[in-house]
2 protein chains.
Amino acid sequence: MNVTLRQLRAFVTLAKLGSFTEAATALHITQPTLSGLIKELEQALGVQIVNRTTRKVELSSVGKEFLPLTARILQDLDEALRAITDIKELKSGTVRVAAPQLMACTLLTDVVSSFSQLYPGVDVRLSDSLVEDVLPRVQGGEVDFGIGPERTENRDIAAHLLFDMPFVAVLPQQHPLTRHEHLTWAEFLGHPLISLEGEYTQILRRELHAASDQLNYAPTKEVSFMTTALSMASAGLGVTVCLPYARSLLSLYQLQTRTLSEPTVRRKFHLLVRKDRVISPAAQAFFDYLLAYVAQQKWGSMAQ
Amino acid sequence: MNVTLRQLRAFVTLAKLGSFTEAATALHITQPTLSGLIKELEQALGVQIVNRTTRKVELSSVGKEFLPLTARILQDLDEALRAITDIKELKSGTVRVAAPQLMACTLLTDVVSSFSQLYPGVDVRLSDSLVEDVLPRVQGGEVDFGIGPERTENRDIAAHLLFDMPFVAVLPQQHPLTRHEHLTWAEFLGHPLISLEGEYTQILRRELHAASDQLNYAPTKEVSFMTTALSMASAGLGVTVCLPYARSLLSLYQLQTRTLSEPTVRRKFHLLVRKDRVISPAAQAFFDYLLAYVAQQKWGSMAQ
DNA sequence: TGACATTCATCGCTTGTCCCGATAAGTGGA
DNA sequence: TCCACTTATCGGGACAAGCGATGAATGTCA
């Protein structure tokens with residue numbers, strides 16, 4: 001016979017109320033059942049812990065030693081369950097998200113700030129990463145999920161489409177091109193161009209070239225981070241292209257955007273989650289919130 | 001559905017071993033049973049705590065939070081059970097005994113010292129009391145049991161006979177009476193007598209007088225404690241009577257004892273226990289030990 | 001690429017045990 | 001000595017726990 005939680009609860013309640021009948025009522029069991037539980041507990045312990053006559057119930061000396069120990073155990077258990085409930089109900093918890101630097105400082109900052117108002121107990125940790133670092137961080141379990149552009153299929157990672165949006169032209173205020181409501185790439189590429197080092201530029205150049213031999217995506221300046229590119233554009237050093245999710249930063253720099261067509265070049269971004277992991281309730285909530293947030297944005301109208 | 005200890009144990013073991021099959025073996029249950037236990041626990045908590053595929057088992061983020069809490073609870077429970085076992089096996093525990101002062105410093109000191117060698121973990125606390133304070137201390141629950149002379153029947157207190165022994169004469173060395181092997185009260189009472197104040201003397205006088213008009217128990221000195229009386233007798237200030245259980249003290253004072261007859265006056269001492277209480281294993285052990293110790297003494301041969 | 005080995009999940013079935021109601025037994029008070 | 005009240009015991013019915021068999025998923029090796 002083994003000690004059970006029910007027996008311990010019975011014992012503590014009995015000790016507190018000093019009566020089998022009352023304690024049984026409090027525990028929502030019958031008095032014979034409680035009697036049996038205490039008896040079982042005493043058998044399991046091998047010692048009598050309650051001195052009882054039909055008139056009086058009191059703890060034996062062993063029972064007096066045992067009571068605080070059990071009371072503490074039950075209290076700790078309740079606390080543990082409450083901790084879990086808090087996590088479940090998003091009163092506490094942590095979400096770790098890896099996202100490219102530009103997204104971290106624009107879209108995600110917006111989302112995090114409104115999510116945090118809704119769930120003040122949840123700690124959202126943004127890991128602003130290089131694009132190529134997002135996937136490893138998800139795979140390594142450093143973060144609950146990541147956000148990244150399209151990737152080759154990965155066995156371990158599930159990808160949920162977050163958005164699919166077209167590149168827009170980014171122009172300083174008063175730039176001649178701002179006179180046009182819409183731009184074509186051909187019109188746009190005639191101006192000094194700031195772009196990013198690496199894949200970003202190469203893939204874009206390839207796509208444009210594939211659409212038309214005439215289109216030559218040839219940046220005059222290349223920097224590492226889009227924030228730098230935007231800053232430079234704001235200073236009148238050139239034009240650049242980016243995705244409309246960076247809206248908040250664009251307006252901060254007082255930059256204008258225009259849709260770019262012929263061709264329309266789109267980028268998909270995905271939420272990346274490890275398939276073998278169930279993410280925490282907080283992470284799940286943020287995940288859902290992010291999807292809903294993005295869904296209600298009208299990126300199409302971003303060309304202001 | 002409620003959380004059970006078995007579920008928690010299953011969870012902790014599973015977390016430690018990282019495999020349902022292994023953990024099930026360790027817990028001496030089958031794998032499907034363990035599977036069910038974890039499922040129940042997750043249902044009870046309302047959250048998934050283990051991410052599992054057929055190839056890998058690992059804790060979810062919630063599970064990682066829950067693990068230390070449950071591990072601690074189980075550890076505390078084990079400790080509590082061990083504490084009870086220790087008490088049961090007399091590796092720890094406390095005995096509180098109330099006894100008259102003379103008995104505390106003689107018989108009981110001897111018993112306690114040999115009992116303590118046998119059960120070093122048990123703490124025996126002697127409460128050396130006035131004879132009339134023993135019973136109240138037992139009744140009030142201050143002590144596990146008491147030792148006292150015969151009393152009127154008491155509803156709440158059970159009395160176990162500890163011993164029944166005759167008064168002996170206590171003589172300084174070289175006292176003229178030591179020449180006799182045995183004494184009669186008539187011979188004895190002819191010498192300067194030291195006795196105790198109160199009931200002790202009065203009852204004795206009454207008993208002797210009832211046996212023979214000739215016997216007049218008339219102390220020349222009265223003190224409060226037998227230890228004082230013995231000390232005075234040792235100094236040659238008179239003779240006194242006491243019960244042979246004080247053997248160790250008598251030999252310390254180098255006092256001689258002689259049996260006293262015509263009449264033989266006896267005193268019973270009892271172990272006094274509250275009827276409504278089950279005493280602790282340590283107290284029970286000491287109780288038994290004391291009875292056995294006394295039983296093997298040959299008080300009759302005390303007249304050296 | 002496919003068969004195999006391994007591991008966890010699911011499903012009936014049996015066994016046991018848990019709890020309840022009824023009732024007995026014990027105790028203090030009138 | 002009876003009554004009121006409290007705990008202990010007992011028998012039966014319902015429920016659940018655990019087992020074995022089986023299914024499903026996944027990594028491995030030929």
Side-chain angles (χ1 to χ4, degrees), chain A residues 1-11 13-44 48-60 63 139 153-158 274-278, chain B residues 1-44 48-60 63 139 153-158 273-278:
Chain A
M1 180 69 64
N2 222 332
V3 175
T4 70
L5 279 178
R6 175 178 287 115
Q7 288 164 9
L8 297 183
R9 271 192 258 268
F11 171 60
T13 308
L14 175 61
K16 197 164 63 187
L17 299 181
S19 152
F20 277 72
T21 312
E22 278 183 50
T25 310
L27 292 164
H28 304 109
I29 57 178
T30 61
Q31 171 268 316
T33 301
L34 176 58
S35 199
L37 286 174
I38 298 298
K39 199 174 169 185
E40 281 171 24
L41 180 56
E42 287 181 335
Q43 275 178 357
Q48 189 162 338
I49 53 177
V50 180
N51 298 322
R52 42 201 190 275
T53 67
T54 56
R55 282 290 140 188
K56 203 165 47 174
V57 171
E58 62 173 14
L59 299 188
S60 72
Q139 270 176 319
E153 271 307 303
N154 188 312
R155 276 193 322 163
D156 302 329
I157 304 293
R274 272 177 61 161
K275 280 180 183 167
D276 63 351
R277 268 207 191 172
V278 175
Chain B
M1 179 70 64
N2 221 333
V3 175
T4 71
L5 279 177
R6 176 177 287 115
Q7 288 163 9
L8 297 183
R9 271 193 257 269
F11 171 60
V12 171
T13 307
L14 175 61
K16 196 163 64 185
L17 298 181
S19 152
F20 277 73
T21 312
E22 278 183 50
T25 310
L27 292 165
H28 304 110
I29 56 177
T30 61
Q31 171 268 315
T33 302
L34 176 59
S35 200
L37 285 174
I38 298 299
K39 199 174 170 185
E40 282 171 24
L41 180 56
E42 288 181 334
Q43 275 178 356
Q48 189 163 339
I49 53 178
V50 181
N51 298 321
R52 43 201 189 275
T53 68
T54 58
R55 281 290 139 187
K56 204 166 46 176
V57 172
E58 61 172 13
L59 299 188
S60 71
Q139 270 176 320
E153 271 305 304
N154 188 313
R155 275 194 321 166
D156 302 331
I157 303 292
V273 198
R274 273 178 61 161
K275 281 180 183 166
D276 64 350
R277 269 208 189 171
V278 175

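So that the names make sense, note that chain A is the first sequence line, chain B the second, and so on, each numbered from 1.
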Write down the distance between [atom1] ([X]) and [atom2] ([N]), rounded to a whole number of angstrom.
{"X": "B:Lys56", "N": "C:dT6", "atom1": "NZ", "atom2": "C1'", "result": "16 Å"}
{"X": "B:Asn2", "N": "C:dC19", "atom1": "CG", "atom2": "C1'", "result": "16 Å"}
{"X": "A:Glu22", "N": "D:dC5", "atom1": "CD", "atom2": "P", "result": "14 Å"}
{"X": "B:Gln7", "N": "D:dA17", "atom1": "CD", "atom2": "P", "result": "8 Å"}
{"X": "A:Glu42", "N": "D:dT9", "atom1": "CD", "atom2": "C1'", "result": "15 Å"}
{"X": "A:Phe20", "N": "C:dA25", "atom1": "CZ", "atom2": "P", "result": "19 Å"}
{"X": "B:Lys275", "N": "C:dG26", "atom1": "NZ", "atom2": "C1'", "result": "14 Å"}

*asked:* Regarding B:Arg52 and B:Glu58, does a basic nitrogen lie under 4.0 Å from an acidic carboxylate oxygen?
replied: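 Not counted as a salt bridge, because no side-chain N and carboxylate O are separated by less than 4.0 Å.
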Respond yes when some side-chain nitrogen or oxygen of [X] is under 4.0 Å from OP1 or OP2 of [N], and no when none is.
{"X": "B:Ser19", "N": "C:dC8", "value": "yes"}
{"X": "B:Arg6", "N": "D:dA17", "value": "no"}
{"X": "B:Arg52", "N": "C:dT7", "value": "no"}

Does any part of the side chain of [Y], heavy atoms only, come nearer than 4.5 Å to the side chain of [X], both counted from C-beta?
{"X": "A:Val57", "Y": "A:Ser19", "answer": "no"}
{"X": "A:Gln31", "Y": "A:Ser35", "answer": "yes"}
{"X": "A:Ile157", "Y": "A:Lys275", "answer": "no"}

_Under 3.5 Å side-chain donor-acceptor pair for B:Glu40 and B:Gln7_ =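 Distance-only check passes for B:Glu40 and B:Gln7.
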*Would you please name every residue forming a ring-ring contact (aromatic ring centres under 6.0 Å, His included) with B:Phe11, sequence neighbours left out?*
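With neighbours one apart ignored, the set is B:Phe66.
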*Using heavy atoms and a sub-4.0 Å distance, could you list which residues of residues 26-41 of chain B are near DNA chain C? By number, please.*
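Residues of residues 26-41 of chain B that come under 4.0 Å of DNA chain C are, in numerical order, B:Gln31, B:Pro32, B:Ser35, B:Lys39.
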